[in-house]
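Only one structure is covered here, and it is reproduced in the block below.
Everything numeric here is computed off the predicted structure, so don't read it as measured data. Every chain is numbered from 1 and lettered A, B, ... according to where its sequence line falls, protein lines coming before strand lines.
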Amino acid sequence: MVRLKIVEAVHTALRALGVEEVPSGVTVERPANPDHGDWSTNASLVCAKLLKKNPRELGVELQAELEKADIPHVERLDIAGPGFINFVLSPSWLHDVLLTVVDQGTDNFARPNVGNGLEINLEFVSSNPTGPLHAGGGRWGAFGDSLARILARCGYAPHKEFYINDRGNQTVLFGQSLSARKGGHDVPPNGYEGQYISEWAREMPDTADPVVWGIERSLHEVEQSLSSMHVSFDTWSSEKALVDSGAMESALERLRASGHVYEKDDATWLATSELGDDKDRVLIKADGEPTYMLPDIAYHHDKYNRGDIIIDILGADHHGYVPRMRAALIFMGHEPKEYEAIIGQNVKLIRDGEEVKLSKRAGTMITIDELIEELGPDVTRFAYLIQSIDTTQTIDIDVWKAQASENPVFYVQYAHARIHAIGREASKRSIERKPLDQVELAGLVDPHELDVLRHLLELEEVLVAAARDRAPHRVTTWVRELASAFHTFYNSCPILRSDVDPELQQARLWLVEASRIGLSIGLDLLGVEAPEEM
RNA sequence: GCCCUUGUAGCUCAGUGGAUAGAGCGUCGGUUUCCUAAACCGUGCGUCGCAAGUUCGAUUCUUGCCAAGGGCGCCA
């Protein structure tokens, strides 16, 4: 890597100038502004104080020192601004990027092994199995699934998991609502009012247990909906099965053994406030029934069988739940680092200019199926992944529909389809791509050609950042930028036209292939189709 | 009152301890004898919520304040 060579040279030069230990603030980065060269270092700014010189002055000395070093591809060194040293490289360094991309291909390019096989358990969606998934829940599905894909590409071993709350009050109420509708009655107070209850009640066989049948029906629905946007799970964990297995009791014993459980007011408490929670929490109510929390602790403990660290992806309305769960898991003997919670902000849906309140019980929701039907799976999934999970998302259905032919998803997919169109046209004209090692890439000097290669170079660090920050939207941003670079290149650099020099044509065909690899990797991580024609 | 997230262009949102802060949409104008015009090019558009602090340098980090959304059950 060119960067490493430059880092090395900078360190050597600094030592020659009397810097014994290079400060950690010294960086070698790609400047945002192309006028500032291909690589840039702030070394003289950081080290100036150390050597009691002014940065600009030191910069001149550093520049002189660096001139002596023989760094591959470097054509020129500039000193600029307050004392940055900018490295201007010949295009050949980017040609090396093309060779790497094509050589490694879709399977191996941009596959940084930062995870080292670390198993990460991701739990997401986990909606109550009492009805279809509403459109807001789709955000966690898209997020969790893409995060898993990104982690896997970065060398982690992710495990996707859905927790089924198939016992307790809500399921009882749900069963009662189904029975009531089947008998033609009103649902019980606080029951489920949604239209789907009546429809499902009609489907339900007379002999069926409404709770069991209803939960099955819901899960089937949710699985279908999510898989239509390419979201899948490795494990569906049943709360009921877990409780039946005795896991809840053994979790309670383990907590008791830790010495943080006590009895008060006829209830059993966990002293979570010892570890930063607002107050202690009840594990077993005065009536002898466990709260939601106890089986959930048992479940989280169980998840360590399927992950070195476990991550909950939760909606903002559950953020208060995190400190108590973390406390409980630490009492159970897990390390604080081994539990992570990602709090996603909510999705607001706008239709006809008005916000649609998403309530399953009141039945005022828009389901994920309806959204997918209106926008299509690719648009829906892309929309969920276009912005940071830390921000409240507003999806105006009418806007996304109206923009259907010119929205960011199609922009990216079109770039991919265009590449295949070029391939088809090339074979129609009997233009064949020669093996890469027989192709001279030196002709690729147009800024638009080089820009495509710069974006491809960045993919690896984008993935590392996306995995580290649990931020799939970085991939979305990157793939949009690559598509843009490709479209620009396509428009300004003819490829198949008869007046193009054959050698340059070959180089450009390989640049197109490298672009295809990048787009294909990006779209796959986002779970969006990469069409060959549109 | 306490806790979490957010505040960047008319709108929806990216982005960054650094040198002139970006994209899409929307506005206005332009590009097709030749690889897909679902594209491209140009044009406008900003006190990066406010104020202090840390730093050679802050829109980015810290603190306070203001505003918006969410949460503070022996519900799940």
Side-chain angles (χ1 to χ4, degrees), chain A residues 25 27 29 31-33 35-36 40 42 44-46 48-49 54-55 80-84 86 128 130 165 167-171 190 239 264-269 276-279 281-287 289-293 295-296 315-323 341 343-346 348 386-396 399 402-415 417-426 428-429 431 473-474 476-477 480-481 483-484 486-500 505 508-509 512 533-534:
Chain A
T27 57
E29 290 174 326
N33 185 336
D35 292 344
H36 299 146
S40 175
N42 61 353
S44 58
L45 293 153
V46 177
K49 208 173 198 177
N54 86 53
F84 292 99
N86 298 330
N128 281 340
T130 55
N165 300 123
R167 56 181 285 285
N169 295 340
Q170 294 305 319
T171 56
N190 291 322
E239 178 185 358
K264 191 182 95 180
D265 301 335
D266 297 324
T268 303
W269 296 71
D277 194 9
D278 292 343
K279 49 193 142 191
R281 306 292 166 173
V282 172
L283 295 172
I284 297 176
K285 295 186 268 184
D287 65 6
E289 283 295 311
T291 59
Y292 170 82
M293 196 186 169
D296 208 27
D317 53 342
H318 283 78
H319 94 269
Y321 194 69
V322 176
I343 306 302
Q345 299 303 306
N346 294 329
K348 211 195 288 185
I386 206 169
Q387 71 187 69
S388 160
I389 200 80
D390 291 336
T391 58
T392 305
Q393 180 168 34
T394 305
I395 296 179
D396 187 324
V399 167
Q403 290 182 352
S405 62
E406 49 182 60
N407 69 39
V409 196
F410 293 123
Y411 182 83
V412 177
Q413 290 183 318
Y414 181 52
R418 231 179 191 178
I419 287 171
H420 283 267
I422 293 167
R424 287 189 295 269
E425 186 63 25
K428 200 185 291 178
R429 301 186 189 188
I431 297 171
H473 77 280
R474 283 170 188 268
T476 318
T477 302
R480 293 172 70 187
E481 286 172 356
S484 173
F486 178 77
H487 284 308
T488 301
F489 152 71
Y490 176 90
N491 274 280
S492 63
C493 302
I495 301 161
L496 302 178
R497 235 165 55 180
S498 51
D499 58 345
V500 177
Q505 179 174 73
R508 284 182 174 162
L509 282 170
V512 168
E533 55 187 321
M534 289 173 73

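Taking atom C1' on both nucleotides, B:G18 is separated from B:U59 by 12 Å, rounded to a whole Å. Nucleotides B:A58 and B:A52 place their C1' atoms 13 Å apart, quoted to the nearest Å. The same atom, C1', is picked in B:U47 and in B:U43; the two are 24 Å apart, to the nearest Å. Taking atom C1' on both nucleotides, B:C40 is separated from B:G57 by 38 Å, rounded to a whole Å. Here the separation of B:C45 from B:A23, taken at their P atoms, is 14 Å to the nearest Å. Of the P atoms belonging to B:A9 and B:A14, the separation is 12 Å, rounded to the nearest Å. Rounded to the nearest Å, the gap between the P atom of B:A51 and that of B:U60 is 12 Å. To the nearest whole angstrom, the two C1' atoms, one in B:G53 and one in B:G17, are 15 Å apart.
Among the heavy atoms of the strands, none lies under 4.0 Å from A:Ala415. Within 4.0 Å (heavy atoms only), A:Pro55 reaches no atom of the nucleic acid at all. Here A:Arg424 lies in heavy-atom contact (under 4.0 Å) with a base. Residue A:Ala421 is classed as a base contact, given a heavy-atom separation below 4.0 Å to a base. Contacts of A:Glu533 with the nucleic acid, taken as non-hydrogen atoms under 4.0 Å apart, include base atoms. In this structure, A:Asp266 reaches neither bases nor backbone, as no heavy-atom distance under 4.0 Å exists between it and the strands shown. Residue-level contact check: A:Asp317 touches the backbone only, with heavy atoms under 4.0 Å from sugar-phosphate atoms and none from bases. Contact annotation for A:Leu45: base contact, defined as any heavy-atom pair under 4.0 Å involving a base atom. Within the nucleic acid shown, A:Pro31 comes within 4.0 Å of at least one base atom, counting heavy atoms only.
Comparing B:G18, B:C35, B:C74 by their nearest atom to the side chain of A:Val282 picks out B:C74. The nucleotide whose nearest atom lies closest to any side-chain atom of A:Asn346 is, among B:G70, B:A76, B:C41, B:G70. Taking every side-chain heavy atom of A:His487 into account, B:C40 is the closest of B:A38, B:G18, B:C40. Checked against B:U5, B:A37, B:C74, the side chain of A:Asp265 finds its nearest nucleotide in B:C74. Of the candidate nucleotides B:A38, B:A37, B:C74, B:A37 has the atom nearest to the side chain of A:Arg418. Taking only side-chain atoms of A:Val46, from C-beta outward, the nucleotide of B:A76, B:U6, B:C56 with the closest atom is B:C56. Distance from the side chain of A:Phe410 is smallest for B:A38 among the nucleotides B:A38, B:A76, B:A37.
One can place CZ of A:Phe489 at 14 Å from P of B:C41, the figure rounded to the nearest angstrom. Taking atom CD on A:Gln345 and atom P on B:U6, their separation rounds to 7 Å, with Å as the unit. The separation between A:Asp277 atom CG and B:G73 atom C1' is 13 Å, rounded to whole Å. Taking atom CE of A:Met534 as the reference point, atom P of B:A39 lies 9 Å away to the nearest angstrom. Across the protein-nucleic acid pair, A:Tyr490 atom OH and B:A39 atom P stand 13 Å apart, rounded to whole Å.
Remark: side-chain polar atoms of A:Arg281 are not paired, donor with acceptor, to backbone N or O of A:Met293 under 3.5 angstrom. Listed for the A:Ser484 side chain is no donor-acceptor partner under 3.5 Å among the backbone atoms of A:Arg480. Under a 3.5 Å cut-off, the side chain of A:Asn491 and the backbone N or O of A:His487 do form a donor-acceptor pair. No side-chain donor-acceptor contact under 3.5 Å links A:Asp265 to the backbone of A:Ala267. Distance alone, capped at 3.5 Å, is enough to place a donor-acceptor pair between the A:Thr477 side chain and the A:His473 backbone. In this structure, the side chain of A:Thr27 does not engage the main chain of A:Glu29 through any donor-acceptor pair within 3.5 Å.
Taking the ring centre of A:Tyr490 as origin, the terminal cationic atom of A:Arg418 falls inside the region bounded by 6.0 Å and 45° from the ring axis.
At least one side-chain nitrogen or oxygen of A:Lys279 sits closer than 4.0 Å to the OP1 or OP2 atom of B:G73. The side chain of A:Lys285 places an N or O atom within less than 4.0 Å of a non-bridging phosphate oxygen (OP1 or OP2) of B:C75. Between A:Arg508 and B:C35, a side-chain N or O to OP1/OP2 separation shorter than 4.0 Å is absent. Side-chain nitrogen and oxygen atoms of A:Tyr411 include at least one within less than 4.0 Å of the OP1 or OP2 phosphate oxygen of B:C40.
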Counting Watson-Crick and G-U wobble pairs with both distances under 3.5 Å, what is the dot-bracket string for RNA chain B, 5' to 3', using [ ] for crossing pairs and | for pairs to another strand?
(((((((..((((....[...))))..((((.......))))......(((((..]....))))))))))))....
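The base of B:A19 is paired with the side chain of A:Ser40 by a donor and an acceptor separated by under 3.5 Å. Interface remark: the A:Asn33 side chain does form a donor-acceptor pair with the B:U20 base, using a distance-only criterion of under 3.5 Å. Between the side chain of A:His319 and the base of B:G71, no donor-acceptor pair under 3.5 Å is found. In the interface, the side chain of A:Asn86 is paired with the base of B:A19 through a donor and an acceptor atom under 3.5 Å apart.
With sequence neighbours excluded, the residues forming a side-chain contact (heavy atoms from CB on, under 4.5 Å) with A:Gln413 are A:Asp378, A:Val409, A:Phe410, A:Val528, A:Glu529, A:Pro531, A:Met534, listed by chain and number.
With values rounded to the nearest 0.5 angstrom, A:Asp266 atom CG is found 10.5 Å from A:Asp287 atom CG. For the atom pair SG of A:Cys493 and CD of A:Gln505, the computed distance is 13.0 Å after rounding to the nearest 0.5 Å.
Looking only at side-chain heavy atoms (C-beta outward), A:Leu283 and A:Trp269 stay at 4.5 Å or farther from each other.
Residue side chain A:His36 meets the stacking definition with respect to B:A19: its ring centre sits within less than 5.5 angstrom of the base's six-membered ring centre, and the planes differ by less than 30 degrees.
Across every non-hydrogen atom of A:Ile284 and A:Val282, the tightest pair is O-CG1, 3.4 Å.
In this structure, a donor-acceptor pair under 3.5 Å is absent between the side chains of A:Thr392 and A:Asn346.
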Reading 5' to 3' through nucleotides 11-17 of chain B, protein heavy-atom contacts under 4.0 Å coded B for base, S for sugar-phosphate only, - for none
--SSSS-
